[in-house]
*Asks:* 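What follows is a structure written as structure tokens; I'll ask about it next.
For reference, positions follow the sequence shown, starting with 1. Model, not experiment: these values are computed from the prediction.
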Amino acid sequence: MIRLAVSNLRSASGRLIAAGIAIAVSVAFIVAALLFSQAFGDTLRNQVRAQWSGADVAITADAADDPTAPAEGSALSESLREAVADVDGAESAQLTESGYVSVTSASSTVTANVTNVPQGGQLQPEEGSAPSGAGEIMLRAADAETLGVDVGESLTLSTFDASGSGDGEGPSFTVSGIIPGSSSTGLALYLTEAGLQKAPTELMPEAVRIVAADGTERADLAATVTSSLESAGLDEGVSVQTVDQVVADQVDELSGASDFLSTVGIAFGLLSAGVAALVISNTFQVLVASRIRVLALFRAVGASRQQVRGAALVEGLTLGVVGSAVGVGLGFLIGWGLTAAARAFWIPEFAHVSVSWTALLLGPAVGIAVTVAAGLIPAVRASRVSPIEALRPVDVPAANRRVPWARAVLGLVLACIGVTLSLYGALEQSVVFGILGCFALFVAMLVSARVFVPPFVGWLARLIGAVTGRSPAVLLAGRSASSAGSRTASTTGALLIGITLVTAVVVGSASLQRTLELATAGDTPVDLVVAESGGDVESVLDGSDIAEDRTTVPAPAASVSVDGFSGSGELAVTSADEAADTPVVRSEGFDVDEGTVLLAPSALGIDAAAEDINGKSATVSIGGENIVLTVVGSRSVPTGTALVSGADSAAIAEAAGSFAEKQTWVRIADDASTSQIEALTSELDAVGTSSDAGAALTRAQYASVFQVALTVVLGLLAAAVVIAVIGVSNTLTLSVIDRRREGALLRALGFTRRAMSRMITTESLLMAVIALVFGTVLGTFFGWVGTSSLTAGTTDPVLSVPPIQLGLIALATIIAAVLASAIPARSMSRIAPAKGMSME
């Protein structure tokens, strides 16, 4: 059996290369994903450990049993710190507090967390020194790069509302030092105790950090602290842990991202392995068909069925082991490249790739299992070859016209189930049912591929042949592909998987992005609101590449107050009716009924939710007149603006007189990036006017997120697509071997080499076009189901089919089909009539 397998491997080594490449790519994908996710987890662990550096024991507050219940005050306090500061084995104890602020530098404004500088000098700056006064601040190198600051430069801290935007006013701090690395929980700023009291935020106790004296073990100190708290009656609502335990707990909380990376990587790796299984199964099936005479001779000289079957399985096992070994090495190279890219473009201290037994075992296990399983059916067929077949001449196989009714019925049943579940998931916004329906429909397509692919290939060939004047090369290509139905169906199925998933991702991403954009436009229909109008504003907008259209609207400044609330302020009062006939307004979201006013509570300094002021009376004072309107609370109105109906706006403008102020409303280009929008607002700030581009920034951020996600997912799907293309090339190569005598006969009848080559290329294109048509239709349906399942009931899903992206997918598929057929076409064109007709 072993000698038979070795003989088979030697004779088919060249033919197995493509199958080996397919399994190597799949294994490499899984290994690289596991290695990268492990490095990501190590990075999180290092970051968390750095935040607790210097401390040995930590006292933290227990999580509330009911997170929705109102807070009753933290169990962490100064009295608790004093109770543990003098326990045996403790060198020092520090109560750390934190709070959120808006931090502004010369280049950007972001949200940050302020906290104490740890005691004992555990965080040593790589530049400058630790803060010593109330006006000094220290931050990490990655955060300093984000803010664009260096030692000696200033940062302004201000309060922020629930949306995270600051009020722009607050104390300034000087950067005294920069420590290496970055934080796993966002931008962090370190201040002295006096600096924290100066920061414009409500401080919340975070932990009591205890430093152990020399010679004291952490576990012993934690036990002593626990006993001390129990004796003092201060142990309720707190937990005492060593820093090692705290780090482990926090890493577990943060490891969801790395676990997600592992899951996604393995999922796409298994998808690639599934495509590779189709390629490998095709390879072995055609190899068995090409070895009929050899296998029959082995049977004739005494080889048993078990030996022939065992030799085929050993052949598959050997291919799996070799391909998996190559895949492991390739996976390590890819993992190393990904971590290097992460250090260069993302986190400078991203952990290096380390050997993972999970990656070393799981990747090869999948590769070997898939290869052996894919070769199982061909191995059984090989064992059924009878000795008498060695005496039969090998001829062109007859076309198989039988309809596989079992597959047809099963595929139809699964398709009906899939469509029903998909429609239910889409209409009821159920992600689970949507996924189950799409999966059932996907399986139905693969199961029934043997039913519909060969007839469609033959029909397409006849159609093209009629258009091209019944070209013999096209007709023969269609006959060959449709007669070898099983081989054509499995090869086209591999392409179908890749095209369907890529199309589903592209259409789903575009549809979801468009749905969210329309939902955003419904709430905030104006992209950019400029508080003024005039020459300077017009000059800036004229010079902008992203300002597509603009209009000015009357916006007189009026004093506004709401009954029952102490807050009041001066707001620009305007109406969307003034811009109703322009393309600036994207929706009717700013339309207001007569007698009402749309405003944000925070604009008047009212500490209440938007719903809390609904129905209240608002007094608009302007030009000596008081106009009373009913309030409609909203967080979506532009900063410093109140919106009224057209009739109320006219009355307010009349009261304001001829010197009423105006606002400029601008429509921003749909493809504008966040950096372009921020650059435009900076230019407007430079001419002394304020602006609100929140709506445009939100849309641009959505577009950026979807673009990144789309790029990542398409990159993950690339492995499956590459394997599918390899499968096309491999199948066509083996098809050429299987049709040597057919090719020789055609050459003897007058076919030129160019016509022979064109026949193989046409066969590849026929399979690619069928896969492209069915994959695009099914992928578009999947994209719509996914969008409808994910969107909330209050948002109407929108199907967006991006023609450019789908066109690129079609072009890439056609090019890939031509490239995949290059080597097989060349081999077919070089068949010599006399040699090809020989029986040996």
Side-chain angles (χ1 to χ4, degrees), residues 104-109 165-169 521 524-560 569-587 589-590 598-600 603 620 622-623 636-644 646 648-700:
T104 302
S105 65
S107 60
S108 63
T109 299
S165 59
D167 58 13
E169 299 180 0
T524 52
V526 181
D527 296 336
L528 171 64
V529 175
V530 186
E532 298 176 10
S533 63
D536 291 338
V537 172
E538 292 179 359
S539 177
V540 171
L541 296 176
D542 287 338
S544 173
D545 296 330
I546 62 172
E548 288 189 340
D549 209 334
R550 68 176 184 267
T551 188
T552 58
V553 295
S559 176
V560 181
E570 190 172 86
L571 300 179
V573 184
T574 186
S575 172
D577 288 358
E578 304 290 344
D581 297 330
T582 69
V584 170
V585 181
R586 292 179 177 267
S587 72
F590 281 170
L598 188 70
L599 55 83
V620 179
I622 186 170
S636 303
V637 294
T639 302
T641 301
L643 292 163
V644 296
D648 292 328
S649 176
I652 292 172
E654 183 179 353
S658 59
F659 298 102
E661 297 87 345
K662 291 186 178 182
Q663 285 184 345
T664 304
W665 289 8
V666 186
R667 184 186 181 101
I668 301 296
D670 291 343
D671 58 352
S673 65
T674 53
S675 58
Q676 289 176 309
I677 298 170
E678 289 172 350
L680 176 59
T681 56
S682 296
E683 291 180 29
L684 291 169
D685 291 341
V687 298
T689 183
S690 60
S691 59
D692 183 350
L697 284 171
T698 299
R699 189 181 66 249

*Asks:* Can you see which heavy atom on Val530 is nearest to which on Val666, and at what distance?
*Replies:* CG2-CG2, 4.4 Å
*Asks:* Does any non-hydrogen side-chain atom of Glu678 lie less than 4.5 Å from one of Leu697?
*Replies:*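 The answer is yes, as the side chains (C-beta and beyond) meet within the 4.5 Å cut-off.
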*Asks:* With rounding to the nearest 0.5 Å, note down the distance linking OG in Ser690 to CD in Gln663.
*Replies:* 8.5 Å
*Asks:* Any sub-3.5 Å donor-acceptor pair from Gln676's side-chain atoms to Ser673's backbone N or O?
*Replies:* yes
*Asks:* Is the shortest side-chain heavy-atom distance between Trp665 and Thr574 below 4.5 Å?
*Replies:*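 Yes, at least one pair of side-chain atoms sits under 4.5 Å.
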*Asks:* So how far is it from Leu643 CG to Leu599 CG, rounded to the nearest 0.5 Å?
*Replies:* 9.0 Å
*Asks:* Step by step, would you call Leu541 with Leu680 a side chain to side chain contact (heavy atoms under 4.5 Å, CB included)?
*Replies:* CA-CA 8 Å; Leu541 296 176; Leu680 176 59; 4.3 Å; yes
*Asks:* Indicate yes or no for a side-chain donor-acceptor contact from Ser587 to the backbone of Ala521 under 3.5 Å, with no hydrogens or angles considered.
*Replies:* yes
*Asks:* Donor-acceptor pairs are to be reported for all side-chain atoms of residues 545-558 against protein atoms at under 3.5 Å, with residues two or more places apart or in another chain.
*Replies:*
from	atom 1	to	atom 2	distance (Å)
Arg550	NH1	Asp542	OD1	3.0
Arg550	NH2	Asp542	OD1	3.0

*Asks:* Can you give me the closest heavy-atom contact between Arg667 and Pro583, atom names plus distance?
*Replies:* NH1-O, 2.7 Å
*Asks:* Roughly how far, to the nearest 0.5 Å, is CD1 of Ile652 from CD of Glu654?
*Replies:* 11.5 Å
*Asks:* Please report the shortest heavy-atom distance between Leu571 and Ala642, naming the atom on each side.
*Replies:* CD1-CB, 4.0 Å
*Asks:* Could you go through Val585 and Phe590, starting from their C-alpha distance and side-chain angles, then the distance that decides it, and tell me whether this counts as side chain to side chain contact (heavy atoms under 4.5 Å, CB included)?
*Replies:* CA-CA 9 Å; Val585 181; Phe590 281 170; 5.9 Å; no
*Asks:* Determine which pairs satisfy side chain to side chain donor-acceptor pair (under 3.5 Å) with at least one residue from residues 527-536, sequence neighbours left out, and list them in order.
*Replies:*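 Pairs touching residues 527-536 that pass the test: Asp527-Arg586, Asp527-Arg699.
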*Asks:* Does Thr689 reach the side chain of Thr664, with side-chain heavy atoms less than 4.5 Å apart?
*Replies:*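 Answer no - side chains too far apart.
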*Asks:* Given 3.5 Å as the limit, does a donor-acceptor pair link the side chain of Ser575 with the main chain of Val644, or not?
*Replies:*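 Between the backbone of Val644 and the side chain of Ser575 there is a qualifying donor-acceptor contact (under 3.5 Å).
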*Asks:* Could you walk me through whether Thr698 and Thr524 pass the side chain to side chain contact (heavy atoms under 4.5 Å, CB included) test, one step at a time?
*Replies:* CA-CA 10 Å; Thr698 299; Thr524 52; over 6 Å; no
*Asks:* Tell me the closest heavy-atom pair linking Thr681 and Ala693, and the distance in Å.
*Replies:* CG2-CB, 3.7 Å
